[in-house]
Amino acid sequence: HARSFLNNVVTDILNFQNKSITRFKGDYDHFEAARAEALRQNERQHEAQEKTRAHMQQFIDKFRCNAKRAAMVQSRIKA
């Protein structure tokens, strides 16, 4: 019964998480759906970043000792 009460009363929700405040417009059901989607998107972004990092590390490890690619490896290390 608390959820239906919140859906009827609430128009905006402020979510405090990780020392930041996020504002959601709408009722509680909309807040839960939007928050779940934001978490999924954040997880996908993290996985893509880790995949890119692993690929770059593999390149660095493979060509670190190659004189022809030394400049390219150093540039990737800086990134």
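Just so you know, these numbers come straight off a predicted model, no measurement behind them.
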More than 12 non-hydrogen atoms from neighbouring residues, nucleotides or ligands closer than 6.0 Å to CD on Q49, yes or no?
-> no
Decide yes or no for R35 and Q17: does some side-chain heavy atom of the first lie under 4.5 Å from some side-chain heavy atom of the second?
-> yes
Side-chain atoms of residues 51-63: list all donor-acceptor pairs with protein atoms under 3.5 Å, sequence neighbours left out, distances to 0.1 Å.
from : atom 1 : to  : atom 2 : distance (Å)
T52  : OG1    : A48 : O      : 3.0
Q57  : NE2    : D61 : OD1    : 2.9

So, R40 and E43, do they make that salt bridge, N to O below 4.0 Å?
-> no
With distance as the sole test, does N42 use its side chain to make a donor-acceptor pair with the main-chain N or O of A38 at under 3.5 Å?
-> no
Closest non-hydrogen atoms of V10 and D12, given as atom of the first, atom of the second and distance, are CG1-O, 3.4 Å
Crowded around E37 CD? As in, over 12 foreign heavy atoms under 6.0 Å?
-> yes
Smallest heavy-atom separation, F31 atom then I13 atom, equals CB-CD1, 3.4 Å
Enter the distance from R23:CZ to N15:CG here, rounded to the nearest 0.5 Å.
-> 13.5 Å
How many angstroms lie between CZ in F24 and CD in E32, if you round to the nearest 0.5 Å?
-> 11.0 Å
Ignoring hydrogens and geometry, is there a side-chain-to-backbone donor-acceptor pair from N7 to D29 under 3.5 Å?
-> yes
